[in-house]
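As a basis for the values below, the full set of heavy atoms in this structure was taken, side chains included, without hydrogen atoms, waters or symmetry mates.
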Amino acid sequence: PKEVLEKQASLSKEGFSVRNVSSADIPGLMRFLSTHFSWDWVRFCQDYLLEIFGNNSDQVCVLVCFQIDSNGNESIVGFCQ
């Protein structure tokens, strides 16, 4: 939808990127979760990730938000499922 594309463009100008989680994101996402959320959230997300990268990938979606610094390095700053 148009609103989503506009929001993505706005976030991009501010140095943020939102995309579907990939297997390469898992270590950073788990560090982010364990730093900022309770153990239950870590466990729930781990279960969802097992579904995504297992046999039920059409049932679950996890998005990860990255902040991109001036050197092009990405840091996870949020997620949703």
Sequence neighbours excluded and cut-off under 3.5 Å, please list the side-chain donor-acceptor pairs for residues 36-47, or say none.
| residue | atom | partner | partner atom | Å |
| --- | --- | --- | --- | --- |
| Asp40 | OD1 | Arg43 | NH2 | 3.3 |

Please list, one pair per line, the donor and acceptor atoms closer than 3.5 Å that link side chains of residues 8-18 to other protein atoms, with sequence neighbours excluded.
none

Side chains of residues 70-81: which donor-acceptor partners sit under 3.5 Å, not counting sequence neighbours?
| residue | atom | partner | partner atom | Å |
| --- | --- | --- | --- | --- |
| Asn73 | ND2 | Asp69 | OD2 | 3.4 |
| Glu74 | OE1 | Arg19 | NH2 | 3.2 |
| Glu74 | OE2 | Arg19 | NH1 | 3.1 |

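Expressed to the nearest 0.5 Å, how far CD1 of Ile26 lies from CG of Leu50 amounts to 8.0 Å.
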| What do the steps show when you test Asp25 against Val62 for side chain to side chain contact (heavy atoms under 4.5 Å, CB included), and what is the final call? | CA-CA 11 Å; Asp25 300 326; Val62 173; over 6 Å; no

| request: Please step through side chain to side chain contact (heavy atoms under 4.5 Å, CB included) for the pair Leu63 and Asn20, ending with a clear verdict. | output: CA-CA 4 Å; Leu63 299 176; Asn20 286 325; 3.0 Å; yes

